[in-house]
Structures are given as C-alpha cells and as structure tokens.
Amino acid sequence: MASIPFEALPPDTRPQSGSGYVQPKAAWRVMLGADDLTQKLAPVLVSLRLSERDGEEADQLEIVLDDAQGRVAIPPEGARLRVWLGWERGTDVVPGLIDKGSFVVDEASWSGPPDRITLTARSADLAESFRKRQNRVWKDTTIGAIVAAIAADHGLIARVHPDLSGIAIAVAEQAGKSPMQFLRDLARRHDAAATTKAGCLIFSPKGAATTPSGAAIPALTLTRSRCSSAEWRRAARERAQDGAEAQWHDADQGQRRTASTGGKNPKRLKKTYATQADARAAAEAESKRLKRAAATLSASLAWGDPRLSPGVQVAASGFKPQIDQTRWLISSAEHTMDAGGLKTRIEMEVAA
C-alpha cells in the first residue's frame, strides 16, 4: 500500500559549502519482529528494492540474498519485516533513516547458480480479512464514519483528513468488494488516497498540504543536478479532455440529470450516481485526475532520497521553464539498495 507523507520529514543536515566534501554512505535497517537482521543480512545482501504506489496497489518489497554458502534461512510465509532506508553520511544527501513501514513475506524463491534467495513482501497492514469480499450497504453517513467503522473492524486506527471526514454519503454499496477495494473506490470518487501505515487506516486527499492530523507536509525541491536522468512528457492539447461530467438519478423527477465541471471536451463517466452530490464529487475528482495527467515527469537519482514517496509535492529546478513552472506530485517511487548504494526513481504528475 502506498505511503502517505510522513508527519515530519528530517531537516536538511547536509554539510554547508566550504566544510569539505563527504562521500555519501548509504544506510538501511531490516527488523523481523523485535530482531534486528541488518548485520546478519549485510554480508549477503545483493539488493533491496521497495516500490511505492499512490494507493491503488500495495507497496512491494523485494530482497535478494546471496546463498553461495547455503547458510541463508528462508523466513516462513507471513513473516513481518520492517524497513528503514537512508544515508549514514554524505555531502550530497540528507543523513538519517526513513521508516518505510512494515511488510509481510508472501513469496520466496531459490535459484542457482549463482545461488540466491529472493523474498517478496507486501504492505503488512493488509490483513486477510481486509481482502475478503463482502456485501454491505452504507446509508446516511459520512466518509469519516465509514472509515472509522472499517478501521475498527480490522484493528486499525482511523486517520481521516478533515477536508473529507464530514462529507455526507447518502448511500454507498460494498457489493462483493473487499473493504480495501471499497475504500479505494470511495477515495477515487473524492480524489483521495486510502492506505494503511503503522497500524492506521489513512484517508486523505491527493496532493493535500497537511496530514490528517493537521501537520504541514513540506514540498521537496528536485534540482536537475541531482538527477542522473529525467524525462518530461506533455499530452497533446487538441485531444485532451478538459473536464468531466457524471449522471445521477433524480428520484423526484424520475429522470437522469448531469453534473458537469465544464470544459470544451468533458469526459463522460459511465456510472450513474444516486445523488447529485455524489455525481458532482465524482466529476470533480475525474477533472482533477485529467489535469494531473496533462504532463508527466520521471527522474532517477543516483543518490537516492527515501523522503520521496507518493503524495509528496515536488518543486522542479534547473530543467526547462515549462517543467520548473509546474508543481509536481509523486505518483510512484522505487528505491533500490545494492552494491552501488541507494538509488531512487520517481514518477510524477501535475499537482492539480
């Protein structure tokens, strides 16, 4: 499951100019329950890769270990790993470790030669009950109440952004969907992200300036000098849809009506909604998604930065004017730790 921006990001503690160059040294930590496995894994670690998504998919962790001596034990299915990534020191990096969350091992493989063990784990808070399909109807309630009820059912703490918590829901059907899929669909209708992290069920607007608890989310700056490669792409304007419209059933008049955000070429949503408010919310959410898709920016950082995660806003600097003048939102991030150190690749879209 994708990361919601952290409550507090570490300050920039890089040495100031004139203090001398310090070669960056990557750092990481892996815990299995209360056991710190870092020193045991360090001699046999081939690579550690963490893929973070924007809420539509679970985060995935892959660890590849050298088993040339045949001494690496394969952890049992369901083992819970917690991972930190960052830097021990360095002039061009921000020292410190970032907690990237917990993951449950659900796949393991061995191959050779060379003899290697590959472990795949996914976001740990997705309990089995969270994946089971259910039929449930929510009536005359709010987003906050729905998230709180589902969180309580699965032993999680609800964290709902105040901009969304009080939104009224006349009716919402969880028809044959898992609780997580239902929440993702509800989030998509309101241009939000539903995810779990550190025992919390988080429901927050995409690109929000604050966390659900009200703490400010600082935007990070990405300079071209930090990138080993980058690519920008803009959609063709003449084919671009510039708005959205959704139909809703007017029970009093016995007919369908349309809620629209305007635009010369609006996108028509297929679903018919129960109320005008639901249709309006869905149309506005889709309109924001279309704006974000108007351009994309991807970048690879030779000196990785684990602070870069989905939902974090980025200011670009040193690229082309069209790029620097756009506010960007990270949609996915991949962090790789191997013999070459810590690298990060991010995919960004326009912050609507």
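- Of the N and O atoms on the side chains of His335 and Ser309, not one donor lies less than 3.5 Å from an acceptor on the other residue.
- For the residue pair Ser225/Thr223, the side-chain donor-acceptor check at 3.5 Å is satisfied.
- Connection of Val30 to Ile117 is established within a shared hydrophobic cluster, with ILVMFWY side chains joined at heavy-atom distances below 4.5 Å, either directly or through further cluster members.
- Checking side-chain atoms of Asp67 against main-chain N and O of Arg71 turns up a donor-acceptor pair under 3.5 Å.
- Every pair passing salt bridge (Lys or Arg N to Asp or Glu O under 4.0 Å) that includes a residue from residues 23-32 is listed here, sequence neighbours excluded: Lys25-Glu88.
- Residues Asp153 and Arg136 are paired through a salt bridge, judged by an N-O separation under 4.0 Å between the basic side chain and the carboxylate.
- Hydrophobic clustering of Ile, Leu, Val, Met, Phe, Trp and Tyr side chains at less than 4.5 Å, counting indirect connections, unites Ile74 with Leu41.
- Residues Met337 and Ala26 come closest through the heavy atom pair SD-CB, 3.6 Å.
- The only option from Arg122, Arg307, Lys100 that meets the salt bridge (charged side-chain N to carboxylate O under 4.0 Å, His left out) definition with Glu52 turns out to be Lys100.
- Shortest non-hydrogen contact noted between Ala283 and Ala259 is CB-O, 3.9 Å.
- Of all non-hydrogen atoms in Ala279 and Gln247, the two that sit nearest each other are CB-O, 4.0 Å.
- Taking hydrophobic clusters as Ile, Leu, Val, Met, Phe, Trp and Tyr residues chained together by side-chain heavy-atom distances below 4.5 Å, Leu220 shares a cluster with Leu301.
- Formation of a donor-acceptor pair under 3.5 Å by the Arg133 side chain with backbone atoms of Gly176 is found in this model.
- Under the 4.0 Å criterion applied to side-chain N and carboxylate O atoms, Asp99 and Arg82 are assigned as salt-bridge partners.
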*For side chain to side chain contact (heavy atoms under 4.5 Å, CB included), just list the numbers for Phe182 and Ile146, CA-CA rounded to whole Å, side-chain angles, deciding distance to a tenth of an Å, and then say yes or no.*
CA-CA 10 Å; Phe182 168 71; Ile146 291 175; 3.8 Å; yes
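- Residues Ile63 and Trp110 are members of one and the same hydrophobic cluster, defined by side-chain heavy-atom contacts under 4.5 angstrom among Ile, Leu, Val, Met, Phe, Trp and Tyr.
- Glu334 and Ser51 are linked by a side-chain donor-acceptor pair at a separation below 3.5 angstrom, with hydrogens and angles left out of the test.
- Salt bridge status for Lys343 with Asp338: present, with a side-chain N to carboxylate O gap under 4.0 Å.
- A salt bridge is defined here as a Lys NZ or Arg NE, NH1 or NH2 lying under 4.0 Å from an Asp or Glu carboxylate O, and Arg289 with Glu349 fails to meet this definition.
- No donor-acceptor pair under 3.5 Å is formed between the side chain of Arg327 and the backbone N or O of Val314.
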_side chain to side chain contact (heavy atoms under 4.5 Å, CB included) between Leu186 and His190, worked out_ = CA-CA 7 Å; Leu186 183 64; His190 294 276; 4.1 Å; yes
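- The two atoms that bring Leu342 and Pro306 nearest to each other are CD2-CD, 3.9 Å, heavy atoms only.
- Here Asp191 pairs with Arg292 in a salt bridge; the nearest charged N to carboxylate O distance falls below 4.0 Å.
- Nearest heavy-atom pair across Ala295 and Trp232 is CB-NE1, 4.0 Å.
- Linking ILVMFWY side-chain heavy atoms closer than 4.5 Å, directly or via other members, places Trp28 and Val93 in a single hydrophobic cluster.
- Atom CG of Leu297 sits about 7.0 Å away from atom CD1 of Ile346, to the nearest 0.5 Å.
- At distances below 3.5 Å, not a single donor-acceptor pair connects side-chain atoms of His154 with backbone N or O atoms of Leu156.
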*Test Phe103 against Asp59 for side chain to side chain contact (heavy atoms under 4.5 Å, CB included), laying out the working first.*
CA-CA 8 Å; Phe103 303 84; Asp59 290 351; 3.9 Å; yes
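- Applying the ring-ring contact (aromatic ring centres under 6.0 Å, His included) definition to pairs two or more places apart or across chains, those involving residues 279-305 are Trp87-Trp303.
- Rounded to the nearest 0.5 Å, atoms CZ (Arg80) and CE (Met31) are 13.0 Å apart.
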*Hey, mind stepping through Leu65 and Leu45 against side chain to side chain contact (heavy atoms under 4.5 Å, CB included) and telling me if it holds?*
CA-CA 5 Å; Leu65 304 172; Leu45 180 69; 4.1 Å; yes
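- Between Thr326 and Gln322, the shortest heavy-atom contact is OG1-O, 2.8 Å.
- In this structure, a donor-acceptor pair under 3.5 Å is present between the side chains of Ser300 and Arg345.
- Counting only distance, with no hydrogens or angles, the side chain of Thr261 and the backbone of Gly243 share no donor-acceptor pair below 3.5 Å.
- The residues Arg226 and Asp305 are annotated as salt-bridged, a charged nitrogen and a carboxylate oxygen being separated by less than 4.0 angstrom.
- The local environment of CD in Gln23 is crowded, with over 12 non-hydrogen atoms from other residues, nucleotides or ligands closer than 6.0 Å.
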